[in-house]
Amino acid sequence: MSREEARNFLHAVEHSLSLRSKLKQCKKIKEILEVASDYGFSITEEDLIEDTQAQEIIKCFQDNKINPINKL
């Protein structure tokens with residue numbers, strides 16, 4: 001559906017022990033999407049991939065941030 005929906009799902013995963021427990025049992029992405037649907041989230045495999053890629057890009061920028069030059 002959208003990256004925002006995927007982010008909402010990941011936020012729910014971080015804050016729900018029962019949701020994390022169910023996801024630990026998943027062996028395929030299809031199973032993860034079914035659990036997400038059971039919890040009311042409408043996401044696709046592409047949503048998860050896009051969000052993961054976006055997070056990797058953000059992390060890369062943060063890791064390679066050039067510190068400002070200090071005045072002498």
Closest non-hydrogen contact found for S42 with D47 is O-OD2, 4.3 Å

Looking only at atom types and distance, does a side-chain atom of S21 sit under 3.5 Å from a main-chain N or O of L17, one as donor and one as acceptor?
yes

Fill in: Trace of the side chain to side chain contact (heavy atoms under 4.5 Å, CB included) decision for F9 with L23
CA-CA 12 Å; F9 174 64; L23 290 175; 3.9 Å; yes

- Query: Counting N and O atoms only, with roles assigned by atom type, does the side chain of E31 sit under 3.5 Å from a partner on the main chain of K28, one being a donor and the other an acceptor?
  - Reply: yes

Here the gap from F41 atom CZ to R7 atom CZ, rounded to the nearest 0.5 Å, amounts to 14.5 Å

Heavy-atom nearest pair, H15 first then R20, reads N-NH1, 4.0 Å

For V35 and C26, the nearest pair of non-hydrogen atoms, with its separation, is CG2-SG, 3.8 Å

* Exam field: side chain E5 to backbone I43, donor-acceptor pair closer than 3.5 Å -> no

